[in-house]
Asker: 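Structure incoming, see below.
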Amino acid sequence: MYRRSLLSLQSATLRLDTWINRVLPQDFNPLYYTGGLANLFLTLLVVSGILIFLYYEPSLEGAYASVEFLTRDVPYGVVFRGIHRYAADAYLVAILLHLFRNWFTDRYREARDSQWLSGMFLLVVSGFAGFTGYLLVWDERSQLLASLTVQALRSVPLVGDWLARVFLGGPGVNDTTLPRFLFLHVGPAMTLYVLLWWHYVRLRHPKIWPPSVWVLFSLGLLFILASALPATSGRPAQPGASPEGFAVDWFFLWPYVLARWMAPGWALALVVALVASGMVVPYTLRETPEQRGVRALGQAVVVEENCTGCELCYYDCPYNAIYMVPSPYPGKSRAAANRKLLAVVVDSRCVECGICIGACPFEALELPRMLDKDVQQRIQRGARATAPVSS
Amino acid sequence: MATVPDRTPQAQEGAPRVVGFLCDWAVRSEGLLNADDTLVGMPHVTVIRVPCSGFVKPGWLELALRSGAAGAFVCGCPMGDCLNREGNWIMEDRIDQLRKRLSRQKVDPERVAFFAFGLHEREAFLRAVAEFVDRVRGSGGKR
């Protein structure tokens with residue numbers, strides 16, 4: 001059932017691509033660059049965030065006023081604030097697209113599970129940083145979100161009160177609360193870069209930037225949005241006020257939207273359950289290659305006697321599955337006689353794609369079940385097949 | 001595998017032999033190939049399915065030309081959508097280099113080609129192959 005729906009989702013995803021490719025050139029299809037777009041928006045967030053940070057005052061009395069000062073009196077402050085706000089939305093949309101696309105097009109399991117796991121962590125940390133960003137304005141909306149969060153944390157068994165205390169920096173909102181929120185916003189944002197290292201470490205040439213057309217388009221769109229629909233604050237937070245409800249960006253604050261109908265603790269439990277089930281997604285389908293409808297050709301094997309240590313396979317392997325090690329002894333073929341290095345395939349990373357075989361001009365790599373000599377035979381048979389007998 | 005490929009009535013008289021490589025993840029291959037690995041409706045085009053377009057050695061395309069094929073092509077996924085992220089870009093580069101090498105050897109570089117078609121683009125793929133066959137028809141493939 002799950003497998004079938006994934007297959008039809010894959011088909012639908014690729015159908016969508018076909019339509020987009022009719023309008024745009026293939027290499028400008030934005031859906032091929034969701035990761036790069038997310039990275040672009042993250043960069044914009046960091047840059048605009050630093051500019052906002054210069055003016056922000058993390059104190060109960062000063063926070064709201066400093067944000068208002070930035071918006072009203074600082075030249076282009078309203079634009080920076082707007083870019084920070086809309087880039088955050090765009091960033092979340094881009095990483096969600098990235099998640100679903102890679103899930104539906106079967107790019108999340110086996111050798112690629114570490115990208116999926118790091119991606120889940122990136123999603124959680126990004127969502128958390130987005131949420132704490134809302135708190136920093138310290139208007140009524142911030143107050144409502146903070147109080148819902150405290151309620152949710154308090155309902156955690158055993159450690160609930162302690163968690164709420166850690167979140168607020170005391171039994172209730174106090175002078176240390178906003179500096180703490182500021183750290184909870186900036187700290188996770190920096191953590192993202194550590195997680196991105198994990199996200200990229202097994203990839204050679206990760207596509208971390210979209211084509212420049214999309215960079216310019218996104219920048220322009222953000223500038224227009226930030227100027228046309230300036231980001232605004234609600235009324236300032238008042239001690240003892242109990243704000244009712246606000247329009248929020250439901251796609252990443254949905255747990256708080258849910259908290260309207262269920263106890264905040266349950267909304268938190270739901271988030272935890274979703275993240276936990278997201279973590280096991282790469283391991284849920286244990287399929288044989290036949291069930292997956294792919295041919296298992298075996299992991300790439302280095303033919304030691306022919307390897308010249310030229311590193312071409314090492315540069316082309318998209319998953320960093322080939323390492324060059326000092327050659328313990330010379331190869332047998334003439335080209336390999338003076339080699340200094342030897343290619344080694346890391347089995348746990350090899351996806352059997354055969355890109356290294358195409359890279360190797362020395363016949364030093366083979367996929368065990370699709371040997372070079374067999375392919376050559378098939379080529380010759382195809383090229384020489386006798387013409388139709390017409391006489 | 002039969003030694004004498006079966007001939008379908010559609011076999012075009014004098015059509016040039018072409019050898020192609022098709023990525024498993026690109027055009028859906030169900031019902032695309034005859035039992036002898038030739039394209040349905042184009043018995044002069046032999047298609048070898050590969051796990052990724054990047055698997056193809058440029059030497060294999062040269063071998064096809066040397067062995068008497070009029071043309072050789074590789075079809076991968078749409079650019080930017082390679083399952084293995086890089087295979088089709090790498091293959092496109094390799095074919096560019098192969099074309100330079102061929103023209104130095106006084107061989108028409110148009111006899112090798114790279115296509116990029118996704119799962120649902122069978123018709124476009126078949127059209128592209130048919131056009132390619134027409135293009136190489138006059139290019140002096142030995143038969």
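Numbered from 1 within each chain, the chains take letters A, B, ... in sequence-line order.
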Asker: Please look at B:C82 and chain A and tell me whether the side chain, the backbone, both or neither of the residue comes under 4.5 angstrom of a heavy atom of that chain.
Answerer: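 Just the backbone, heavy atoms under 4.5 Å.
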Asker: Please report the closest heavy-atom contact between A:G358 and B:P58, naming both atoms and the distance.
Answerer: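 Minimum heavy-atom separation between A:G358 and B:P58: O-CD, 3.8 Å.
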Asker: Would you compute the distance between atom CZ of B:F55 and atom CG of A:L367 and round it to the nearest 0.5 angstrom?
Answerer: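 Nearest 0.5 Å value for the CZ-CG distance: 5.0 Å.
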Asker: For each of A:T18, A:V375, A:N29, tally heavy-atom pairs with chain B at distances under 4.5 Å, and name the one with the top tally.
Answerer: A:V375
Asker: Are A:D17 and B:P78 packed together at the side-chain level, in the sense that at least one heavy-atom pair is separated by less than 4.5 angstrom?
Answerer: no
Asker: Taking the side chain as every heavy atom from C-beta outward, state whether A:R381 and B:T46 have any atom pair closer than 4.5 Å.
Answerer: no
Asker: Are side-chain heavy atoms of A:S11 and B:H120 found at a separation under 4.5 Å?
Answerer: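 Side chain of A:S11 against side chain of B:H120, heavy atoms only: contact under 4.5 Å found.
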Asker: Measuring from atom CG of B:L119 to atom OG1 of A:T13, what distance do you get when rounded to the nearest 0.5 angstrom?
Answerer: 10.5 Å
Asker: Can you tell me if OH on A:Y283 sees more than 12 non-hydrogen neighbours from other groups inside 6.0 Å?
Answerer: yes
Asker: Against chain B, label A:R15 side chain, backbone, both or neither, depending on which of its atoms sit under 4.5 Å from a heavy atom there.
Answerer: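 Both parts, backbone and side chain.
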Asker: Tell me whether A:Y314 at atom OH has more than 12 heavy atoms from other residues, nucleotides or ligands lying less than 6.0 Å away.
Answerer: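 Open: at most 12 neighbouring heavy atoms sit under 6.0 Å from OH of A:Y314.
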Asker: So for A:R204, is it side chain, backbone, both, or neither that comes closer than 4.5 Å to the heavy atoms of chain B?
Answerer: backbone
Asker: Enter the distance from A:R22:CZ to B:E121:CD here, rounded to the nearest 0.5 Å.
Answerer: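 Interatomic distance, A:R22 CZ to B:E121 CD, rounded to 0.5 Å: 7.5 Å.
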Asker: Identify which part of B:I90 has an atom lying under 4.5 Å from any heavy atom of chain A, answering side chain, backbone, both or neither.
Answerer: side chain
Asker: By a 4.5 Å heavy-atom criterion (distance strictly below it), what part of B:V50 contacts chain A: side chain, backbone, both, or neither?
Answerer: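 Both the backbone and the side chain of B:V50 come within 4.5 Å of chain A.
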Asker: Rounded to the nearest 0.5 Å, what separation is found between the CG atom of B:L83 and the OG1 atom of A:T105?
Answerer: 7.0 Å
Asker: So does B:D81 pair up with A:R101, basic N to acidic O under 4.0 Å?
Answerer: yes
Asker: Between A:L297 and chain B, with a heavy-atom cut-off of 4.5 Å, which part of the residue counts as in contact: side chain, backbone, both or neither?
Answerer: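 When you check distances to chain B, only side chain atoms of A:L297 fall under 4.5 Å.
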Asker: If I measure from the heavy atoms of chain B, does A:C360 come under 4.5 Å with its side chain, its backbone, both, or neither?
Answerer: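 Only the backbone of A:C360 comes within 4.5 Å of chain B.
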Asker: Examine distances only and state if a side-chain atom of A:R378 and a backbone atom of B:I48 form a donor-acceptor pair shorter than 3.5 Å.
Answerer: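 Flag not set: sc A:R378 to bb B:I48 has no pair under 3.5 Å.
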Asker: Would you please test B:R94 and A:D316 for side-chain contact (heavy atoms from CB on, under 4.5 Å) and show each step?
Answerer: CA-CA 11 Å; B:R94 287 182 195 152; A:D316 276 1; 3.1 Å; yes
Asker: Is the closest basic N to carboxylate O distance between B:K57 and A:D372 below 4.0 Å?
Answerer: yes
Asker: Any side-chain heavy atom of A:Y32 within less than 4.5 Å of one from B:M79?
Answerer: no
Asker: Is chain A contacted by the side chain of B:R28, its backbone, both, or neither, given a heavy-atom distance below 4.5 Å?
Answerer: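 Looking at B:R28, just its side chain touches chain A.
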Asker: Would you indicate whether the side-chain heavy atoms of B:E86 and A:H205 approach each other to under 4.5 Å?
Answerer: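 The answer is yes, as the side chains (C-beta and beyond) meet within the 4.5 Å cut-off.
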Asker: Please lay out, stage by stage, how A:L14 and B:W25 fare under the test side-chain contact (heavy atoms from CB on, under 4.5 Å).
Answerer: CA-CA 11 Å; A:L14 295 178; B:W25 303 91; over 6 Å; no
Asker: Could you tell me whether the side chain of B:R17 and the main chain of A:R384 form a donor-acceptor pair under 3.5 Å?
Answerer: no
Asker: Select one option (side chain, backbone, both, neither) describing which atoms of B:V19 are under 4.5 Å from chain A's heavy atoms.
Answerer: side chain
Asker: Which one wins on heavy-atom pair count under 4.5 Å against chain A: B:A116, B:G118, B:G59?
Answerer: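 The candidate making the most pairs under 4.5 Å is B:A116.
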Asker: Below 4.5 Å, heavy-atom pairs only: which of B:A124, B:C52, B:G80 has the largest tally toward chain A?
Answerer: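 Top count of heavy-atom pairs under 4.5 Å with chain A: B:G80.
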Asker: Relative to chain B, which segment of A:L31 carries a heavy atom at a distance below 4.5 Å: side chain, backbone, both, or neither?
Answerer: neither
Asker: Just so I know, are the side chains of A:D27 and B:W89 near enough to count as touching, which here means a heavy-atom distance under 4.5 Å?
Answerer: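 Touching, per the 4.5 Å side-chain cut-off.
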Asker: Looking at side-chain heavy atoms only, is the closest gap between B:R49 and A:M370 below 4.5 Å?
Answerer: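 The answer is no; the side chains never approach within 4.5 Å.
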